[in-house]
Each structure stands twice: as C-alpha cells, then as structure tokens.
Amino acid sequence: MSAQSSPARPPARLVVVISGRGRNLEAIIQAIDAGQLNARIDLVISNRKTAGGLRIARLADLPCAVVEPRAFTRREDFDHALAARIAAESPDWVVLAGYMRILGSAFVQRFQGRLVNIHPSLLPRHKGLNTHARALANGDARHGASVHFVTADLDAGPLIRQGSIAIRAEDTPETLADRLMTRVEQRLYPAALVDLADARVQWREHRVWRDGRTQEHCPHEDYDTPTNR
Ligand code: GRF
C-alpha cells in the first residue's frame, strides 16, 4: 500500500459490517497491524452468523455481533436494530465490507458522510450484482473496484478511490473476481481508509473534499502488478 496513516491523530474508530468471507476485513486488519492504517476496529457486525469473516474477526480478537434479518418481520426493524448496535460504538466510520443487503434510507441517513462501501466494478459501470460476468460480457478492457460514500441511491454515492486491472482473454468471472480481490480490493480499501482516517478526504456540502480542495476526479490506480502484501 503506498499511502501511510499519520500516527499523530488518535486512531479512527471503525465498525466493519460484513456478510461473507471477509477478505476485505482481513486486509483492513492487516493494514492496521502493519501500522499503515491509523485505526482500530471496535466491532465487526454480520447479518449472517455463518459468515467466514466472523472467524477472521475472532482470530484477530475483535468484538463481533450478529444481527439476523429473520429475527424481524419488517425490514425497517432489522435496519433499525443493526443501526442501533453500530451507533452504540459511536464509530467515526461505518465500513461496509461485503455487506450483501440493501440498506434502507433511514439507515443511510443516520450514518451519511461516515458510511462507506467497496463495490467490485469501476462505477458508474456495472452497478448491482454479477459485476465480473458483466465486465467480461461487455468486452471491457479493464475491470476494477470503487470505494465510495454510501447514499440512498444504490452504488451511486460519491467516489473516494478506484483501482483496476487488465482483463485477460482467458478470464472467467471466477478468475477475474479472484484477481480483483487480491490485487485491487485488498489494497484499495485500506488505502481509501487511510484517506478517511487521516481526514484527508471528507464528504460535505454535497462534495468530496481531498486535501482541502474539491475532488473533481477520484484517484485511480492501476494494480496490474501482483500484490506484495
Ligand atoms: C467483495 O468483492 C466486495 O467488493 C463485494 O462483496 C465481496 C465481499 O468479499 N461487495 P469479502 O467478504 O470481503 O471476502
């Protein structure tokens, strides 16, 4: 990771929200442990008790919680319970890392400005699911990931950082997804969190600010070389 957090500030307090394997969570933990990201994870919260990411969190001795949708009849009640558990930690940043449910507008509004997500495509291309197959079907030359602030519009919030790799002729959705995860996502999310933890990037007055100026174009890094994490 090229960016490095400034240790002068108190560590940014994160709540990481997951549903699945937790490879992004793992990369964030490693960046913190390596002293690259000046942050601490106060809670990992999952909507699935079988999420592999919970094992990663427990191995790292992180506090975990599970809030399952089936315990609620109405979606808003689930969202409210999830939001209340997150708010109890008073996090600086709510980090969606492979959280696979759509959040209601009340949840998004409650954390707006400090709610971020990683999406496996070069937004605004390929919003929604099956991004790898769609990038291949579309004949794209490159595929990437985007870290963005979350708004009520699905996968349309203001961008913080993007990264990409070249698509290969022999790629399948699976090989492309794997390479995107290890080469791009696991480097991009920690780098974006360094921007936020160091207060270099904010979203206010309907604009993204980077280093005190309006960010016209978000940084985009080519990650074609293998990771050396
Ligand atoms: C990642 O590809 C992320 O971009 C998407 O879901 C996947 C989660 O993977 N939103 P993991 O749980 O971090 O391994």
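Atoms within each ligand, like the ligands themselves, are counted from 1 in listed order. Atom set for the values below is all heavy atoms of this structure, side chains included, hydrogens, waters and symmetry mates excluded. Residue numbers start at 1 and run along the sequence shown.
Applying the side chain to side chain donor-acceptor pair (under 3.5 Å) definition to pairs two or more places apart or across chains, none involves residues 94-111.
Put simply, CZ on R187 and OG1 on T225 are 5.0 Å apart, with the number rounded to the nearest 0.5 Å. Residue Q186 holds its CD atom at 10.5 Å from CG of L25, rounded to the nearest 0.5 Å.
At least one heavy atom of G22 lies less than 4.0 angstrom from ligand 1. The shell of residues lying under 4.0 angstrom from ligand 1, judged by heavy atoms, includes I118.
Here atom 9 (O) of ligand 1 lies nearest to R23 when heavy atoms of H119, E26, R23 are compared.
Here L59 is tied to no hydrophobic group at all, with no ILVMFWY side chain closer than 4.5 Å.
When only interatomic distances are considered, the shortest N/O to N/O separation between N117 and ligand 1 does not fall below 3.5 Å. Residue-to-ligand polar distances place R21 within reach of ligand 1: an N/O pair is separated by less than 3.5 Å. Polar contact check, M181 against ligand 1: no nitrogen or oxygen pair lies under 3.5 Å apart.
Protein heavy atom nearest atom 13 (O) of ligand 1, with residue, atom name and distance: N24 N, 2.9 Å. Looking at atom 8 (C) of ligand 1, its nearest protein heavy atom turns out to be G98 CA, 3.5 Å. Distance from atom 5 (C) of ligand 1 to its nearest protein heavy atom, with residue and atom name: P120 CD, 4.0 Å. Summary of contacts: the protein heavy atom closest to atom 2 (O) of ligand 1 is E185 OE2, 2.9 Å.
Within ligand 1, the atoms closer than 4.0 Å to a non-hydrogen atom of G20 are 12 (O), numbered from 1 in the order shown.
In this pair, H132 and H143 present their aromatic rings perpendicular. The plane angle is above 60°, beyond the 30 to 60° band.
Within the 4.5 Å cutoff, no side-chain heavy atoms of V17 are placed close to those of N47. Taking 4.5 Å as the limit, every side-chain heavy atom of V15 sits out of range of all side-chain heavy atoms of F111.
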Tell me, with the steps shown, if D224 and R142 meet salt bridge (charged side-chain N to carboxylate O under 4.0 Å, His left out).
CA-CA 10 Å; D224 291 297; R142 300 188 70 79; 2.8 Å; yes

